[in-house]
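Working notes, structure below.
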Amino acid sequence: MIVVFREDATQEQIDKVIERVEANGLRAHLSRGTSRTIVGCIGDELSLTDVGLKAMPGVENVLPIERPYKLAARAFGCDASRVSVGDVEFGAEDIVLIAGPCSVESRDLLLATAEHVRACGARVLRGGAFKPRTSPYAFRGLGDEAVELLVEARARTGLVTVTEAMSPGQVARLVGQVDMLQIGARNMHNFDLLEEAGRSGMPILLKRGPAARLKEFLLAAEYILKTGNMQVVLCERGIRTFEDLTRNTLDIAAVPVLKRETHLPVIVDPSHAAGRRDIVADLAAAAVAAGADGLMIEVHPLPDEALSDADQTLGFGEFEELVSKVEAVAAAVGRSILPRVGINTE
Ligand code: PEP
Ligand code: MN
């Protein structure tokens, strides 16, 4: 950390800062330029986070040098990490496709969707049981019944499953029932939930908050990693901007930036970014071109009738087209989506 002093800072003010830095266990290295004085703080700068240096008389600015997310940061030359969910690996050469309905609505719907997306190359089945909805009057998921249906779909198709936990209490409910826990965008700052999810030892799919900076996103991941659970996959799902022709703005730069900042795998959810069906495949292609390790897509047999997120949900044919498009882009960037096992046309 570097403390920059105002031009008119007095020696007494500088000494007080040095005293406080040293009282917190760091060494202070004073450097006088022609007009400015700076103090370099050598040691664990995180211990200076809350000691009020910026507010001390004579101080103009305090510049952190280290990244505050120690466990999430990608150290120079270190390999990207891989996250295993059953037999699926995020962060490897293959791009992982997660697909399924926004909400689990019924047994038939879930099983039909699971079969179809598997046939198209998806490896992970998604489906909300507990749904975060903007309006309390909207469909909020089937809850426990949906969890049981996810268990059945997993047994029938062999697909691993991911669903959202909205509260720390729901984490225990989902452990052993699904293969991966999703922390939704609205809960990215729910620190109790992050810790509880981390302590469960389950792989976690962490979505970026709609107004979260990437640093904040990585600090949210850090809450999980700090529990000792390193199985975290990050998901960019669009952020809120002034644009209103899309539901959110897909921050495509987040993909290469995160891949430089962190060793964790990064996937993209173009469905919630777009909020409209017609551009989901284009955004998916862009995400893969930008280096995403996976995609999460909302799919439903009758998308117009979906009980949540109908506007952005793809029908079966549209999902198949998306996969073809994304496969071509994946090949162009030296990656692949696992071979299809044949479309079930029954
Ligand atoms: C979802 O995946 O269904 C969902 C609610 O996403 P987000 O948290 O990104 O809005
Ligand atoms: Mn949704």
Side-chain angles (χ1 to χ4, degrees), residues 96-105 109-110 113 117 122 124-136 138-143 146-147 149-150 161-167 170 174 178-190 193-194 197 203-212 214 216-217 220-221 224 232-241 246-251 254-255 258 266-277 279-280 283-284 287 292 294-315 318-319:
V96 177
L97 267 182
I98 305 175
C102 177
S103 307
V104 175
E105 296 175 16
L109 173 142
L110 186 68
T113 309
V117 300
V124 185
L125 176 66
R126 63 150 286 146
F130 307 103
K131 294 299 301 177
R133 300 306 302 277
T134 303
S135 163
F139 175 64
R140 292 164 72 185
L142 295 181
V147 179
L149 294 174
L150 285 166
T161 54
V162 59
T163 201
E164 176 165 352
M166 287 205 300
S167 64
Q170 283 169 4
L174 294 171
V178 293
D179 300 280
M180 187 179 211
L181 292 180
Q182 178 171 321
I183 307 284
R186 293 166 181 83
N187 265 318
M188 191 208 84
H189 280 308
N190 183 340
L193 176 60
L194 294 170
I204 311 293
L205 180 60
L206 176 63
K207 299 188 93 175
R208 178 182 183 183
L214 293 176
E216 294 162 333
F217 189 20
I224 302 170
V232 179
V233 175
L234 301 173
C235 180
E236 158 62 32
R237 45 76 75 204
I239 50 174
R240 180 166 286 194
T241 68
T246 51
R247 183 178 179 183
N248 291 287
T249 296
L250 178 62
D251 180 8
V255 179
L258 286 171
V266 179
I267 73 163
V268 169
D269 168 355
S271 302
H272 288 86
R276 47 188 275 189
R277 196 174 298 157
I279 61 166
V280 170
L283 298 189
L295 294 169
M296 181 152 89
I297 313 287
E298 287 185 336
V299 182
H300 189 290
L302 297 167
D304 288 328
E305 291 172 26
L307 295 180
S308 55
D309 288 348
D311 291 342
Q312 69 199 32
T313 298
L314 302 188
E318 288 153 336
F319 181 63

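Atoms within a ligand are numbered from 1 in the order they appear, just like the ligands themselves. On a predicted model such as this, the values are computed, not experimentally measured, just so you know.
Near Arg186, meaning under 4.0 Å from any of its heavy atoms, are these atoms of ligand 1: 10 (O). Short contacts between ligand 1 and Glu298, defined as distances under 4.0 Å to a heavy atom of the residue, involve ligand atoms 3 (O).
Closest heavy-atom approach to atom 5 (C) of ligand 1 within the set Pro132, Gly184, Gly127: this belongs to Pro132.
A donor-acceptor pair under 3.5 Å links the side-chain atoms of Arg126 to the main chain of Cys102, judged by distance alone.
In terms of protein heavy atoms, atom 8 (O) of ligand 1 is closest to Ala185 N, 2.7 Å. Protein heavy atom in closest approach to atom 2 (O) of ligand 1: Arg126 NH1, 2.8 Å. Nearest to atom 10 (O) of ligand 1 among the protein's heavy atoms is Arg237 NH2, 2.8 Å. Ranking protein heavy atoms by distance to atom 4 (C) of ligand 1, first place goes to His272 NE2, 3.4 Å. The protein heavy atom nearest to atom 7 (P) of ligand 1 is Lys207 NZ, 3.5 Å.
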Please assess Leu234 against Arg208 for the test side chain to side chain contact (heavy atoms under 4.5 Å, CB included), listing each intermediate value before the final yes or no.
CA-CA 7 Å; Leu234 301 173; Arg208 178 182 183 183; over 6 Å; no
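Counting non-hydrogen atoms of other residues, nucleotides and ligands closer than 6.0 Å to CZ of Arg133 gives a total above 12.
The two atoms that bring Phe130 and Leu174 nearest to each other are CE1-CD2, 4.1 Å, heavy atoms only. When every heavy atom of Arg276 is checked against every heavy atom of Val280, the shortest pair comes out as O-CG2, 3.4 Å. Contact record, Gly100 with Leu125: CA-CD1, 4.2 Å, taken as the closest heavy-atom pair.
The Mn ion (ligand 2) is closest to atom NE2 of His272 (considering only N, O or S atoms).
At the Mn ion (ligand 2), the angle from OE2 in Glu298 to OD2 in Asp309 is 120° when rounded to 10°.
Gln182 counts as a contact of ligand 1, since one of its heavy atoms falls under 4.0 Å from the ligand.
With no hydrogens or angles considered, a side-chain donor-acceptor pair links Asp309 and His272 at under 3.5 Å.
Using a 4.5 Å heavy-atom cutoff, the side chains of Val96 and Val124 are in contact.
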